[in-house]
Every structure is written in structure tokens, then in C-alpha cells.
Amino acid sequence: MAKQSLKLAKYSVGTGDRFAHQAKAQLQACVQALASGIEVVPVWNKSNREHNIIGSEPASVRQAADAAVKALGWKLPYFVDADHITLKTVDRFLDSSDFYTIDVADFIGQASEESAIDGFVKQHQGLLGSIHLKGVDAPLEITQADLRQAAKKYLAAAKKAGEVYRKIESVKGKGNFITEVSMDETETAQSPAELLIILAAIADEGIPIQTIAPKFSGRFNKGVDYVGNLKQFEREFALDIAVINHAVEHFGLPDNLKLSVHSGSDKFSIYPVIHAAITRLNAGVHLKTAGTSWLEELIGLAEAGGDGLVLAKDIYAAAFAHREELCVPYATVIDIDPAKLPSPSEVKGWSSSQYTSALRHVEGAAAYNSSLRQLLHVGFKVAASEGSRYLGLLESNEAVIAKNVTENLFHRHIAPVFLGHN
Ligand SMILES: [Zn+2]
């Protein structure tokens, strides 16, 4: 009998675990969701960039996930996501991952052969005119020029995604992994019409894509809230869902295809919008977070006081000293106001609660400092360089850290997106 292909559930949450110590606390948040009546499948994601900065190997993510699942007796599926991989970086993830986020953002705008563009345009004449999408009022309008323009812009990226997909498939076998395609790490957002054309190109490549991560309008800075026009996001998000439904119906893509929101964590103002849209349109969503748990480790250490608080302050001091180099890889996804960063000597005098209330992301709280939070978000390299001092204190303060990790993931992310609780 043929083996059932891996299929991602309607609701899933991607969590990052930089130092491979929080998988159990993160899974606990999914256990709480289940107790609240909703199945949210955990996906542990880690990019090649993160592995390189920390000096970790993909196998460590698999081990931590497997151990957490065993410890908590989790019976639903779970996955390990090779996040933002490319043809160049996929190899080291082939053993340990069963979810691949194929990042083709760098290929957007790269030239395709005229004949390939002509062929695509000719084959997809059915996309022209007014497309009436279920669940949205205004039809989507695509002209001949739009179709050609989008083919020029995205065909090379779709072909590259096909190439990476086939490489993974040749090693792991069809149906043995989940495929996501990401285009979020780029400057300009993809419109719903472009998304439809991109999905047509992905279908042509024969990629059984289950999640797609477009770049949405607005800014998705690391660890802080969304910056942009909420009304526009709301319209765009609903249209994207309708486009996906249309693509499933017309291009033969997997029927569980859904949006993946690379949130950069903590996009609290759009979570209710996402919840409303997926509820109204009966759609799934993959909410990818990253780095929010690492900041909870710092919060837990600071809350623990003693050596934990000292280390949390040392990490801030080192991150402050190296702020320019730490920010370089993340320049397009952070907005730090240097004038808002407290001096390390000021932080040195802080109590546990001063540190945690500056760092903890509670919108509207007077002490919350989004510049400090973003700096620490990208400052995990500093913790990595502390080595056993950092890991040792994570272990000796496991209980207080775990409480913060679970509470953050459940109350601030899972509950608003999947349960509609704010
Ligand atoms: Zn991303």
C-alpha cells in the first residue's frame, strides 16, 4: 500500500529555537492550544544563516524536536523546517528536515529567455480579464501586459524553486516532505495578481507546494509590531487567500495550500486581522515566528536574578558595543533608534523587573523599549559566544524561562491568530 504523503494541517505555527533548549516549552504552547480546542501543529524552523551565526548543525533541531515530542507525549504531527534554504545551502538539511522553505527571493527580477516568457504567457491566457474570486467583492483584473510583466519578473524564481524542489525530492522521495516557497525577503510586496501568476508558474514546475510566503505590504521588523496600513493589509491578505483557493482549483496544486506569514515575530496588530480573514474564508495559515523565544530566554534569565540577570546585562552591553555589525545582516528588517538605546552602564543598574519590562513586548507599556528589543533580537550571536556560560544558565533557570517561552508563544501568538483571543 502506498504511503500517505506528508500533509501540513490547516493551522500550524513555526517556532525558532536558536539554542535548541526551548522545544519542550514551545510544544507546551501547542498542548495548551489543543486543550483550548484547536489543533495547531508545531514546526521548528531554523535557517542556514542562524546555524552559521550560532555554530549549530541542523541535526540539533531534529533531536530537540523529537525529544520534546517524546517528553510531552505529543500525538499530532510535527515538522522540522529547513528555513530559507537555497540550492547552495540545502545539502546539510537533507537528513534532518521534513519541511523545506525554498527561498527564491534573490531570483526575482532575474532574466528569463524570451521564448520561456512567450511560452508561459501563451499557456496562461486563461488568466486574462476579470477573475471572480470566491469571498471577495471586486474581481481581480489581469491584462496581457500584467501577465508578461509578472512572467518576466518571477519566472526565473519559479524555475529555481523547481530546481531546488527536485533536488530535495531526488534524495527524500516524493511525498516525504512539506514544501514551502518563500519570496518575503525582498523590498517590494507581491500583489495578489502577481501571487496568482507565481502560483501558475510553480504549478508548471510540478512543485506540490503546501505553503507560500509572499512579501506582504508594510514592514515586518524583527521582534516588534507591524508597521503599515492595516486596512491595506486586511484587503491584501483576504485577496491572497482567495487567489490561493483559485489556484488550487485551477492549477491542481495541493488542496491544503495556504499562506505562510513570516512574521519576524510579534506582529500583534495584524493577528486579529489574520484571524478574522481565515475564519471568514475558512482558510488555514502557517504563522512563522523566529527569535521571540530567544528573547524570552533573556527575560527568564533577567527574571531569575543573580547570575542570570548579570548575564542578561552583559549580553546587552556586548550587543550595544557591537550594534553596527550585529545589525548588518538584518538591515532591511530592523528600525532601531540609537537615541532610544539605554547605555550599558544604565542597564547595569537595573533590577530584574526594569530589564524585563523594557524587553517584554507589551504594547503600550511605558517601560517597553522597541529599540532595545530589536537590538537584543539580532544580538543572539553574543549569547552564542558566551558558550557554556549561557547554556549552563539556561539549564539552571529552566523553569522560569520555560514559563515565559510557553506563555509568550501561547498568549501573544497562538491565541490571537488561531483562537481569536486578544
Ligand atoms: Zn522569511
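Both counts, for ligands and for their atoms, begin at 1 and track the order of listing. Not measured: the values here are computed from a predicted model.
Checked against salt bridge (Lys or Arg N to Asp or Glu O under 4.0 Å), E324 has no partners two or more places apart in sequence or in another chain. Every salt bridge (Lys or Arg N to Asp or Glu O under 4.0 Å) that E57 has, sequence neighbours left out, goes to R92.
Under the 4.0 Å criterion applied to side-chain N and carboxylate O atoms, K288 and D81 are assigned as salt-bridge partners. Ion pairing of R166 with E205 is present here, as a side-chain N (NZ or NE/NH1/NH2) and a carboxylate O approach within less than 4.0 Å.
Residues in residues 131-150 take part in no ring pair (Phe, Tyr, Trp, His ring centres under 6.0 Å) pair, two or more places apart or across chains.
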Verdict with reasoning, F177 to F99, per ring pair (Phe, Tyr, Trp, His ring centres under 6.0 Å): CA-CA 5 Å; F177 59 99; F99 187 127; 9.9 Å; no
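With a cut-off of 2.8 Å, the protein N/O/S atoms near the Zn ion (ligand 1) add up to 3.
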